Amino acid sequence: MGRIDELLASALAEGRDCIGQIALRTRSEGGYRLTHRDDVGRDDLRVSQTPESAREIATYDDAGVYRPLKTAPNLRHGWALHLPDLAAVRAALEYFYPAALALWLAERDGRLQPTAMRETLGRQTGMYRVTGLLTDPQAEALVGELCAQTRCLRAMRWTKTPGGERIASLPATKFDPEHDPAGAGARVMPLLCAEMCNLVVAEARPVVKAAQAAAAAAASPAPAAAG
Amino acid sequence: MASLQRKPGTGLLLVGHGSTQNPDSSPPTHVHADEIRRRGLFDEVACCFWKEEPSMREARHVFEAREVYVVPNFISEGYFTQTVIPRELELSGPRSTRADGTIWKYCEPAGNHSSMTDLLLRRAREIAPELPEEEISLLIVGHGTGLNDNSAVAAKAQAARIAERSRYAEVISCYMEEPPLVANWDELTTAPNVVVVPFFIADGLHSYQDIPVLLGMESEPTAAASQRAVFRHEPRRLRGRNLYYASAIGTEPGFADVILDLVAAFDDKHGTH
Ligand code: SF4
């Protein structure tokens, strides 16, 4: 058994039976049952038996719309996964919340080393190089909106500068891996954010571009109206 | 094709582009990973993406293996394989040793490899199995945009190799955004039957939505591949020819073998240690 599987086993033994929006329960027949946390008591769920089914479940929300961010709190309802062992559970979780257990293990081992926002933006190339010009106030507004717990369930581990301050526009719970991001106070396996994701980096580009355009317009005012 | 021996203590990381908009971008990468996992050649097989989770940075934590082969699931050398992937995975060359002692081996992308030629040939035959090759013009369609994108070069080289190894009336590489343009497919070809194989990794926006419009099969882009019940049925009669349109070459199940061949090619070139 690998260390990530051991982590999963010990998490369950500790009573951490939720991860993100997913509830993980043992079945009386043996094996495990994964459902949306809202669906734990339901017996009318569409049951699948393979970890790979998680891929399709995780791809679309309840309205059938593509989910570009797996840790967004819009996991589909109405399904259950019955899996024979922890290896299968781990494989399924890999599709629901990719790399989440690996990041948690790395944090427990002290290996995680989150990347500061300035480093992430500073290493971008090509069309995203311009995001290095994002100002702190712009970052506070952007991250405060896109990373809010209503948009993403991860606990943020990165700071604005190396060893520096956290994003001030987010509540303290956003930085606490023990906080249940679903707000139900359950004991959870954390979803960690070790650096600004590409979705947010991509959204930083139009913010910088718009500010540049506004600055250029202010520098060369339109000719005064005749009269 | 691939006769790779089991590699105990090693992992395989497939790096795909992924998409924040198109659900059809990443599935081929996952499906090839499933197939390779099923064969039990590596202790661990994982995927990561530029535009989806896990990110390349996150994927560095996924492996417990001491050695990881990285295969870029990209058609050709270019901006992603030469700049983005090495930067995000902190690769310093074909072989990188990290501070924790793990060794990361960076394989080449599939597009230039000889097993890709086999796969393109197989795909072309599958789509029009009943027709003699002499009555078919085969078009390999690449993306082709100038700067730092060698997909056009790779498509051209593959077309030349296929021409040598088959009896197609002609084998032509053409592109979406540079001449020879796929939009002029009927002027580029002479045979009564035209088979078009998209030289792409996934049935994403280009191969599923844009190229059919350029070919004249659709008047406007259709819904994403996954939103439609069946892949289009071939052939269709268009501009006085029989037009056969394949799915992207990267969706071919045999692509898993191409990936394994890239690992074997790495070992041949750089040794196994
Ligand atoms: S940067 Fe992190 S917290 Fe913010 S949306 Fe992306 S993954 Fe979630």
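Because the structure is a prediction, the values reported are computed rather than measured. Because only heavy atoms are used, hydrogens play no part in the values below, and waters and symmetry mates are left out as well, while side chains stay in. By convention in this document, chain letters (A, B, ...) are assigned in the order of the sequence lines, proteins followed by strands, and residues within each chain are numbered from 1.
Residues of residues 95-109 of chain A having a heavy atom under 4.5 Å from any heavy atom of chain B, listed by number: A:Tyr95, A:Pro98, A:Ala99, A:Ala102, A:Leu103, A:Ala106. For residues 189-201 of chain A, heavy-atom neighbours of chain B at less than 4.5 Å comprise A:Glu195, A:Asn198, A:Leu199, sorted by residue number.
At least one test fails for B:Arg95 against the ring of B:Trp104: distance under 6.0 Å to the centre or angle within 45° of the axis.
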Passes side-chain hydrogen bond (donor to acceptor under 3.5 Å, both in side chains), B:Arg123 versus B:Ser247? Steps please.
CA-CA 9 Å; B:Arg123 192 81 198 101; B:Ser247 50; 3.1 Å; yes

Hey, mind stepping through A:Ser169 and A:Glu140 against side-chain hydrogen bond (donor to acceptor under 3.5 Å, both in side chains) and telling me if it holds?
CA-CA 6 Å; A:Ser169 53; A:Glu140 287 286 351; 2.9 Å; yes

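Of the N and O atoms on the side chains of A:Thr125 and B:Arg87, at least one donor lies less than 3.5 Å from an acceptor on the other residue.
When heavy atoms are compared at a cutoff of 4.5 Å, B:Asp34 approaches chain A solely by way of its side chain, counted from C-beta outward. Heavy atoms of A:Thr115 lying under 4.5 Å from chain B belong exclusively to its side chain. For B:Glu64, the part lying under 4.5 angstrom from a heavy atom of chain A is the side chain only. Proximity to chain A (any heavy atom under 4.5 Å) is shown, for B:Ser55, by neither the backbone nor the side chain. With a 4.5 angstrom heavy-atom cutoff, A:Arg67 does not touch chain B via any of its atoms.
Between chain B and the options A:Gln124, A:Arg154, A:Glu52, the largest number of non-hydrogen pairs under 4.5 Å is found for A:Arg154.
Listed here is the closest heavy atom pair of B:His32 and B:Pro253: ND1-O, 4.4 Å.
Between B:Phe80 and B:His17, the gap from one ring centroid to the other is short of 6.0 Å.
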